[in-house]
Amino acid sequence: MQQDYQPRDIEAKAQQHWHERQAFRAVEDSTKPKYYCLSMFPYPSGKLHMGHVRNYTIGDVLARYHLMKGYNVLQPMGWDAFGLPAENAALANNVPPAEWTYSNIDYMKRQLKLLGLGIDWSRELTTCQPDYYRWEQWLFTRLFQKGVIYKKLATVNWDPVDQTVLANEQVIDGRGWRSGALVEKREIPMYFFRITQYAEELLAGLDTLDGWPEQVKTMQRNWIGKSYGVRFAFPYTLDGRDEKLWVYTTRADTIMGVTFVAIAAEHPLATRAAQGNPELAAFIEECKRGSVAEADIAIMEKKGTDTGIRVTHPLTGEQVPVWVGNYVLMGYGEGAVMAVPAHDERDFHFAKKYDLPIKPVIVPESWKGVAVDPDRITAGRSKTDALSGEELHRVSPVFLNTVTHDAISWVSWHEQYAREGVCAESGKYNGMTQSEAIDAIAADLAACGLGEKKVQFRLRDWGISRQRYWGCPIPIIHCPACGDVPVPDEQLPVVLPENVVPDGAGSPLARMPEFYVCVCPKCGGKAKRETDTMDTFVESSWYYARYASPGSTTHLVDKKAAQQWLPVDQYIGGIEHAILHLLYARFFHRLMRDEGLVQGDEPFRNLLTQGMVVAPTFYRVAGGGKKQWINPADVDLDTDPKGRPTAAKLRADGQPVVIGGTEKMSKSKNNGVDPQAIIDQYGADTARLFMMFAAPPDQQLEWSDTGVDGAHRFLRRVWRAAHDHVALGVVAPYSHGELSAAAKALRLQLHLTIQKVDDDIGRRKTFNTAIAAVMELLNALAKFDEPGLAARSVVQETMEAMTLLLAPIVPHISQALWAELRPGSDLLDQPYPQTDLAALVQDEIELVIQVNGKLRGSLQVPRDTDKAALEQMALAHHAVQKLLAGATAKKVIVVPGRLINVVI
RNA sequence: GCCGGGAUGGCGGAAUUGGUAGACGCGCUGGACUCAAAAUCCAGUGUCUGUGAGGAUGUGAGGGUUCGAGUCCCUCUCCCGGCACCA
């Protein structure tokens, strides 16, 4: 009896069945290879968004695929539950962050279950619960005692009105998001993880990560930023004392071109120079305004002030001015840089702005030893002025020793030359290449005790103190007598009180004596508990390990469980985490390794970074020019006969709206599509199928209502094809015997499809092309209507294989169809389909004929036709004959199995 | 600003190792079925040109390498992600 495809019923039934069978419960099993499949856990922000659906569907497809392939699969889920949005919600709605968070978790968990994810829910973890963060605190105290964690001053955004520290996100155009006050920089004490101690190892480890996208590894490499340079000093005398101003440079070869030194506003020398220099003091004060975000600093107008201090160039002995520059970062290198305007873009603009000298000392290598055209260079500026610098050295290459100073400085004045070259006007270093010059200069600096070669990292230590309430308390007790004392094991966890509503003015913990008043564990004296909490990145840096034994009350992770499951075989998450989260997790894995908790160096063997989900935007301009964003679901589109959108109307009032760009789904643009609505209307399988089909996983995915219709239509076609077949009675799938040409062709396509889908999901992870191949197979099956038992056995084989190939992607409908195709058996027990190599053998193949690389025809030839025969056939082809017009071909290229190209 | 990525029909995308550009899906056009609509099915669908067979052209722009380039190299434009306190 045939019935329509009813996703609601079959999905509920399938989910119930999986639940009863405990189908996704992960247990230790040494007889099968393990596959730990992990999707980045969600922040419980309210309800699931499409990005979550995409992320978790990708993970689920891979988990279910590996389950069918015979792996022992672990796919857990949890909640990254501490964070700023809970505090924002608390401010807006006057609810404690805990309550808001827990109710979001309840709701989102129900939604995840409706998606039909094959998750082992018995391992669920929530980072804001004491049984989780207790182990974070435990690890913190270990690392603190080891010296991996230490305290130092760090710069933060300070809102002078709200009297609170602001996250970068809360600084908008240099002002506090709530108060609108100009943000200031302020230095406060913070705890730091010594991640720089692991910089070398984190860098080297990238080379072992074959399963990571090259782009992510490149970003991490650049972030760690290992550079080989020279640290050296400019001596000076101040207040009668001899001192040294240290700088770091990767371009020591340009040292002879130094015309000033720039230091950060926070540099101690700047502070000293500002005493008795009101202009400088004012400038330093000005530098304190604005956010600490590097992107903000980088796009700022470059400004500076002369300190009046002069230092001595270590090689030339010249006096060089010291400037304070707002573009020099205190946190990198020495907080001071040598400035070579002729060969550094920032220095160049700075020098032009303040009329500082520009002294070129590097020329392109092509200038060396090439014939001179003195007329072009020396005859005067009238000629060279007309040429750009690039043209100058292209048109008139010159001997190094005959380059006039004028010519070089003309080039450099108009465009700095930051690339590699050879030294000029550099005395004894003239003519040296970059590396020769760096060696020679470093040696000379070392000889006078003013410098040495040094390896430097861009990576900075990780400050984890947050002056916020909704986070993991830092387990430190401040004792006036004993200093910073870690909370002893038996007093852990330091529990965060959950019934607190923050008010946006600093951390409420700092105003709760019941939280912070305590006794020193060392001396028993009166002490104060630390009220800062940890960066939420700390929780997400080790949760993957906790999933191995989430319930352990005695260990951070049970040793046997860690051995069974770690490392993660496949990690899936947004590309926006390419650097910070993934680097911190790699760092934490090493910290845990060094504590003897886990084995191996890397936490994630394979990584898939998924793209964003985007959607069209629509708006109206309300009074005051403010855009009022309208949800795409409420808009009707008019199109021209070609399907191009011409106008959009709000359905509610029929009046036009403006069509905006296609942007990331977000609340602010009101272009989010609620996954719940899609699941309610079409079912989870349609939502999953559309997500996997619309784009490859690592690219952005554009939401399309009609695309969802198309996905649903395909599932209905599969449903109908299966039922049409079953209605005539199921038969045994094809195993052997003679077949018609059409049946053979169908089997050929079937087994090519199995091969492709297996490869697309297992190796390439291009789910969109896997689905397209199954769609083509269904199209072929629909055209095949041969009677007879042999033909029906091929249809049975095709239908069964198609159901199994689709099972990881659309598990509910597959579960239901399998039960009809093989009454009494359970899809959960089926292995992945295997390619029958015998079905792939073809007698004839098609070859393409090209003339000069252009398609001109094709040939059907027996599979093993030899090259000479192919050339003959191609030359005899009428299209080739026509173009040859009696002449002979210059050359014939045969690409076996593909094409023949005749060159004429 | 710095680092990383992307750009292919009306739209999402395919082309896996330099070898038939546009698979698959959406949309659109025409047809069948229907009193009608929905659903479904069939055919067509890059652009220009031609009655047609066909021809020319075409992968963000410009140049290059090659028998052959969406794919490799150089220069440029625009869009997206990250930039250490959003997660």
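In what follows, every heavy atom counts, from backbone to side chain, and hydrogens, waters and symmetry copies are set aside. Order of the sequence lines sets the chain letters (A, B, ...), proteins ahead of strands, with each chain counted from 1.
In this structure, NE2 of A:H712 is placed 19 Å from C1' of B:C24, rounded to the nearest angstrom. Summarising the geometry, the separation between CZ on A:F693 and P on B:C11 is reported as 17 Å, rounded to the nearest angstrom. Between A:K756 atom NZ and B:A15 atom P the separation is 6 Å, expressed in whole Å.
As judged by a 4.0 angstrom heavy-atom cut-off over every strand, A:K854 is placed among residues touching the sugar-phosphate backbone only. Among the atoms of the strands shown, only primed sugar atoms or phosphate atoms (P, OP1, OP2) are found under 4.0 Å from some heavy atom of A:N222. Within 4.0 Å of A:R898, counting heavy atoms only, lie sugar-phosphate atoms of the nucleic acid but no base atom. Residue-level contact check: A:V848 touches the bases, meaning some heavy atom is under 4.0 Å from a base atom. Among the protein residues, A:K302 comes within range of no part of the nucleic acid, since none of its heavy atoms lies under 4.0 Å from any strand. Note on A:D709: nothing from the nucleic acid sits closer than 4.0 angstrom, heavy atoms only.
Counting only Watson-Crick and G-U wobble pairs whose two key distances fall under 3.5 Å, RNA chain B forms stems of three or more stacked pairs at B:1-7 with B:77-83, B:10-12 with B:24-26, B:27-32 with B:40-45, B:46-49 with B:54-57, B:60-64 with B:72-76.
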Next on the checklist: Pair A:K152, A:E187 - check salt bridge (charged side-chain N to carboxylate O under 4.0 Å, His left out), show working.
Outcome noted: CA-CA 10 Å; A:K152 71 169 177 183; A:E187 293 210 305; over 6 Å; no
Next on the checklist: Evaluate A:R458 against A:I224 for side-chain contact (heavy atoms from CB on, under 4.5 Å), listing each step before the verdict.
Outcome noted: CA-CA 6 Å; A:R458 204 186 76 96; A:I224 294 168; over 6 Å; no
Next on the checklist: side-chain contact (heavy atoms from CB on, under 4.5 Å), that's the test. Do A:F350 and A:K352 meet it? Break it down for me.
Outcome noted: CA-CA 5 Å; A:F350 194 87; A:K352 285 195 84 169; over 6 Å; no
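Under the 3.5 Å distance criterion, with hydrogens and angles disregarded, a donor-acceptor pair is assigned to the side chains of A:D535 and A:W462. With 3.5 Å as the limit, one finds a donor-acceptor pair spanning the side chains of A:Y327 and A:D347.
At the phosphate of B:C42, neither OP1 nor OP2 sits under 4.0 Å from any side-chain N or O atom of A:K783. Here A:R717 reaches the OP1 or OP2 of B:C41: one of its side-chain N or O atoms lies under 4.0 Å away. The phosphate of B:G68 has neither OP1 nor OP2 within less than 4.0 Å of any side-chain N or O from A:N852. Residue A:R221 places no side-chain N or O under 4.0 Å from the OP1 or OP2 atom of B:C3. OP1 or OP2 of B:U40 sits under 4.0 Å from a side-chain N or O of A:R716.
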Checklist outcome for this item: Nucleotide by nucleotide, nucleotides 80-87 of chain B touches protein heavy atoms under 4.0 Å in the pattern (B base, S sugar-phosphate only, - none) SSSBBBSB
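Taking atom C1' in both B:G63 and B:C79, the straight-line distance is 23 Å, to the nearest Å. B:U71 and B:U8 are spaced 14 Å apart, taking the P atom of each and rounding to whole Å.
By the 6.0 Å contact criterion, NZ on A:K353 is enclosed, its count of non-hydrogen atoms from other residues, nucleotides or ligands being greater than 12.
Among the nucleotides B:G5, B:U40, B:G27, the one closest to any side-chain atom of A:R720 is B:U40. Candidate nucleotides B:A23, B:G19, B:G27 were compared by shortest atom distance to the side chain of A:V895, and B:G19 ranks first. With B:G55, B:C24, B:G19 as the choices, the nucleotide that has an atom nearest any side-chain atom of A:N901 turns out to be B:G19.
Look at B:G4: its glycosidic torsion is beyond 90° from 0, and that puts it in the anti range.
Taking 4.0 Å as the cut-off between side-chain N and carboxylate O, A:R898 and A:E846 do not count as a salt-bridged pair. A salt bridge is absent between A:E266 and A:K185; no separation between the charged side-chain nitrogens and carboxylate oxygens falls under 4.0 Å.
A 4.5 Å side-chain heavy-atom check between A:M802 and A:L778 finds at least one atom pair inside the cut-off.
Just one of A:L607, A:T609, A:N55 meets the side-chain contact (heavy atoms from CB on, under 4.5 Å) condition when paired with A:I572; it is A:N55.
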